[in-house]
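So you know, we letter chains A, B, ... as the sequences are listed, proteins then strands, and number each from 1.
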2 protein chains.
Amino acid sequence: MEIAQRAGSGRKRMSRAEREQQILGIAEEVFAERGYQAAAMDDIARRVGLSKPMLYEYFGSKEGLLLACLERAKRELLECTSAAAASAESPEQLLHDGLLAFFRFGEDHKQSWALLRNESAVPGMELDTELEGIRRQQVSFTSDMLRMSLPETDEYRMEAFAEAIIGACERMALWRENHPEVTPEMAAEHLMALIGPSLSGEARSFSEPAPSEQELSRQASSTREPPGRTTRPPESSSHDQG
Amino acid sequence: MEIAQRAGSGRKRMSRAEREQQILGIAEEVFAERGYQAAAMDDIARRVGLSKPMLYEYFGSKEGLLLACLERAKRELLECTSAAAASAESPEQLLHDGLLAFFRFGEDHKQSWALLRNESAVPGMELDTELEGIRRQQVSFTSDMLRMSLPETDEYRMEAFAEAIIGACERMALWRENHPEVTPEMAAEHLMALIGPSLSGEARSFSEPAPSEQELSRQASSTREPPGRTTRPPESSSHDQG
DNA sequence: GCAGTAGGTTACTACGAGTAAGTTACTTGC
DNA sequence: GCAAGTAACTTACTCGTAGTAACCTACTGC
């Protein structure tokens, strides 16, 4: 019955750090393949070859375990996208490379992507916060790119663009899963075709930008956060993959 | 203890159709305010003033109940968007009105929107199918619009555009929830500013429309003509604030 | 070899989805 | 009016899973 109990009772008792990594790996697997809800802690424990209370010892709760998995996936995603963008030479190229990296991420990190993709609407406030944090990471990343393309554009519009682009990315990544013949390159190209034109000088609007709109933005800007949270370099920290 | 047992035993025993509607209304409420997972069938039953097995009698399962709620919300959304689009006079206007209607939907049908927004990634294959169906509804709706703006565009690209736009819409609708000062009109305008230029005759690509995808990403030289040659001198926004 | 403790287990509780079998009140035929 | 029939409804369960209490064990240093 024991799964990870290979060759007698030899394989037991690891150090905390070791176990943590092992559990994370297996949990990622289980969450990715069965989904958060359907994944049972008992099942994860069994696959690890450990008893359930240990999972709680290490991660506090089911949500905590998922959270730890997501943290890893999030770091990977950020690394991929910022690495890709690092070598770009023009703002358009930058955006394109970022998009491309995003679409490639889904193929190169299937498991992490499955996590980010499927567990994006799990209940739990902390989880919501984390997921939203991941999106904000992508949004601010995108904002940074946009700021280069559209230096004179109103901050509000820039943020709106960034949000819209992230949303478009997510949706297209999902769409691609039903169309395997659409390569990451093609997806990125499509998206660039859609948003590129508006980033090349012509960012105003399809109609004239209503003056009342900008005024409204400024009037109600009390709740806005200062734009200092953005430009951080890619955190090239140690990559502890178990 | 009984909540809906007003004035003795008078208020009991309704016809199937009546109860169904009553249950649907309350379930929508509960799902919207607590989320699918956190919503307990016992709770819904209690609020209806009925015992749990009746819910199963009427809707088969928790998922079935949510499904019925979503069906309603979906119909509402389609009605709103298509009604809005009906009065448009140009393709751009059509798209704009559709977007606007979408953003307004979130305000005018808070409960339905909360359902569609939050329950979009619940497990369960049938649910997934339904949710995907709702999106496909929006996608095909958008495709139809695009077909008018971009009659010569490749079908694949059109679909990609539609998916991207739907994704952008969803994300921006979420974003708007943290920025109440952004009106539906402003949201629609931002989005039009982002995607409008590419719909105005210039739909090819930000690079040349290359046959092979590897080269696309390379030659990022944008040989584009300024957009705006299409059929829309002024923008007489005849929509007022909802 | 014995104390201390990190690492681990068994055996529970709590709670919520779903169900079997029984009960009540309204309708219909006489 | 009153039995029979049935649609609406209830009580009282089963079962699965998140989370926990309390106890056990093998390795450490001395």
Any idea which of [options] is nearest the [X] side chain?
X        : options                 : result
Met54(A) : dA8(D), dA17(C), dG7(C) : dG7(C)
Ser51(A) : dG7(C), dC9(D), dT10(C) : dT10(C)
Lys62(A) : dC9(D), dG7(C), dA18(D) : dA18(D)

Touch class at under 4.0 angstrom, heavy-atom based, for Ala39(A) against every strand present: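 Touches sugar-phosphate only.
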
Sugar-phosphate only, base, or nothing, as touched by Tyr58(A) at under 4.0 Å among non-hydrogen atoms: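 Sugar-phosphate contact only - Tyr58(A) comes under 4.0 Å of backbone atoms but never of a base.
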
To the nearest Å, how far apart are [X] [atom1] and [N] [atom2]?
X        : N       : atom1 : atom2 : result
Asp43(A) : dG16(D) : CG    : P     : 14 Å
Asp42(A) : dG16(D) : CG    : C1'   : 9 Å
Gln37(B) : dC15(C) : CD    : P     : 17 Å
Arg46(B) : dC15(C) : CZ    : P     : 12 Å
Ile44(A) : dT17(D) : CD1   : P     : 12 Å
Leu55(B) : dG16(C) : CG    : C1'   : 13 Å
Leu50(B) : dA8(D)  : CG    : C1'   : 9 Å
Glu18(A) : dG8(C)  : CD    : P     : 10 Å

Inter-axis angle, terminal five-pair segments of the helix from dG1(C)-dC30(D) to dC30(C)-dG1(D) [nearest 10°]: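 The end-segment axes of the helix from dG1(C)-dC30(D) to dC30(C)-dG1(D) are tilted 10° relative to each other.
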
Cationic N near anionic O, under 4.0 Å, Glu28(B) to Arg72(B):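 Counted as a salt bridge, because a side-chain N and a carboxylate O are separated by less than 4.0 Å.
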
Electrostatic pair Arg16(B):Glu57(B) at N-O distance under 4.0 angstrom: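 So Arg16(B) pairs with Glu57(B) through a salt bridge.
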
Criterion side-chain contact (heavy atoms from CB on, under 4.5 Å) on Glu163(B) and Gln138(B), from CA distance to verdict: CA-CA 9 Å; Glu163(B) 295 279 349; Gln138(B) 294 301 108; over 6 Å; no

Any side-chain heavy-atom pair of Leu50(B) and Ile23(B) under 4.5 Å: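 Yes, at least one pair of side-chain atoms sits under 4.5 Å.
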
Any Arg19(A) side-chain N or O less than 4.0 Å from OP1/OP2 of dG8(C):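 Looking at the OP1 and OP2 atoms of dG8(C), one of them is under 4.0 Å from a side-chain N or O of Arg19(A).
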
N/O (side chain, Arg16(B)) to phosphate O (OP1/OP2, dA7(D)) under 4.0 Å: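 Answer no for this pair, as no side-chain N or O of Arg16(B) is under 4.0 Å from OP1 or OP2.
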
Show each protein N/O and nucleotides 20-26 of chain D N/O combination with a separation under 3.5 Å, one pair to a line.
residue, atom, partner, partner atom, Å
dT25(D), O2, Arg13(A), NH2, 2.8

Under the salt bridge (charged side-chain N to carboxylate O under 4.0 Å, His left out) test, residues paired with Asp43(B) that sit two or more places apart: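 Residues passing salt bridge (charged side-chain N to carboxylate O under 4.0 Å, His left out) with Asp43(B): Arg46(B), Arg47(B).
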
Trp113(A)-Glu177(A) side chain donor-acceptor pair, cut-off 3.5 Å: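 Trp113(A) vs Glu177(A): donor-acceptor pair found between side chains.
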
Side chain Glu18(A), main chain Ser15(A), donor-acceptor under 3.5 Å: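 Flag set: sc Glu18(A) to bb Ser15(A) pair under 3.5 Å.
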
Partner residues of Ser61(B) under the side chain to side chain contact (heavy atoms under 4.5 Å, CB included) criterion, sequence neighbours left out: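 Listed in chain order: Glu63(B).
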
Residue list, side chain to side chain contact (heavy atoms under 4.5 Å, CB included) with Ala114(B), at least two apart or on another chain: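 Checked Ala114(B) against side chain to side chain contact (heavy atoms under 4.5 Å, CB included); matches are Ala32(B), Asn118(B).
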
Qualifying side chain to side chain donor-acceptor pair (under 3.5 Å) pairs, either residue in residues 73-82 of chain B, two or more places apart: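 Counting only pairs at least two positions apart or across chains, the side chain to side chain donor-acceptor pair (under 3.5 Å) contacts touching residues 73-82 of chain B are Glu76(B)-Ser112(B).
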
